[in-house]
Amino acid sequence: QVQLVESGGGSVQAGGSLRLSCAASGRTFSSYTMGWFRQAPGKEREFVASILWSNTYYSDSVKGRFTISRDNTKNTVYLQMNSLKPEDTAVYYCYAQDQRLRNYWGQGTQVTVSS
C-alpha cells in the first residue's frame, strides 16, 4: 500500500520561505512522477510542480520561486518555496503517479502566508 506523508507546512510572512517534504513508503518511487498540488479555500485543486527523474515542471504562478527536488534514496520529494505571497496560502498535497497513471495522495499540509 502506497503512503505519502507531508511535513513542513506552517505560517510565514510574505517574502519568507518554507520547505515541504513528502515521504513515500510502500514502493520504490524512483520511476514514479511525484509532485505537489494545492487547494485554497473556495478554489479548485491546482497543479504546482512535479518531477520525474531529473525533469521538473512548474505552474506559471510559482515558476522562479519554488523548486522541486527528490531524494530517491529516502523516497522523499521536497518543495522549496521562496518569496512566498499571500496568494500561495493553501493546503498543499503531495502526489505520486505510477507507470499506470494511478495517483496516490498525501493528507495535505497547510501553508499560510500573511501580508
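Note that the structure is predicted; figures quoted are calculated from it, not measured. Below, all heavy atoms of this structure are taken into account, side chains as well, without hydrogens, waters or symmetry copies.
Between Arg45 and Tyr93, the closest side-chain pair of non-hydrogen atoms falls below 4.5 Å. Side-chain contact between Gln107 and Leu4 is absent, with no heavy-atom pair separated by less than 4.5 Å. For the pair Tyr95 and Ser50, the minimum side-chain heavy-atom distance is below 4.5 Å. Residues Leu20 and Met81 meet the side-chain proximity criterion, which asks for heavy atoms closer than 4.5 Å. Between Val113 and Gln13, the closest side-chain pair of non-hydrogen atoms is not below 4.5 Å. Proximity of Gln80 to Phe66: side-chain heavy atoms (C-beta onward) are nowhere separated by under 4.5 Å. Considering only heavy atoms from C-beta on, Leu79 stays 4.5 Å or farther from Thr67 through its side chain.
A side-chain donor from one of Ser17 and Asn82 sits under 3.5 Å from a side-chain acceptor of the other. Of the N and O atoms on the side chains of Ser31 and Gln99, at least one donor lies less than 3.5 Å from an acceptor on the other residue. Side chains of Asp98 and Tyr104: a donor-acceptor N/O pair is present below 3.5 angstrom, by distance only. For the residue pair Gln39 / Glu44, no side-chain donor-acceptor distance below 3.5 Å is found, with atom types taken as modelled.
Between Lys85 and Asp88 there is no salt bridge, since no side-chain nitrogen of the basic residue lies less than 4.0 Å from a carboxylate oxygen of the acidic one.
Cation-pi contact between Arg70 and Trp53: absent, since separation from the ring centre below 6.0 Å together with deviation from the ring axis within 45° is not met.
Between atom OG1 of residue Thr33 and atom CD1 of residue Ile51 there is a gap of 9.5 Å, rounded to the nearest 0.5 Å. How far CD1 of Ile68 is from SG of Cys22: 9.5 Å, rounded to the nearest 0.5 Å. Note that CD of Gln110 and CZ of Arg38 are 12.0 Å apart. Values are rounded to the nearest 0.5 Å. To the nearest 0.5 Å, atoms CD (Glu6) and SG (Cys94) are separated by 5.5 Å.
The backbone N or O of Glu87 lies less than 3.5 Å from no partner atom in the side chain of Thr89, so there is not a single donor-acceptor pair.
A centroid separation of less than 6.0 Å is found between the aromatic rings of Phe47 and Phe37. Between Trp36 and Tyr92, the ring center distance fails the sub-6.0 Å criterion.
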Side chain to side chain contact (heavy atoms under 4.5 Å, CB included) assessment of Gln97 paired with Tyr32:
CA-CA 6 Å; Gln97 185 180 78; Tyr32 283 32; over 6 Å; no
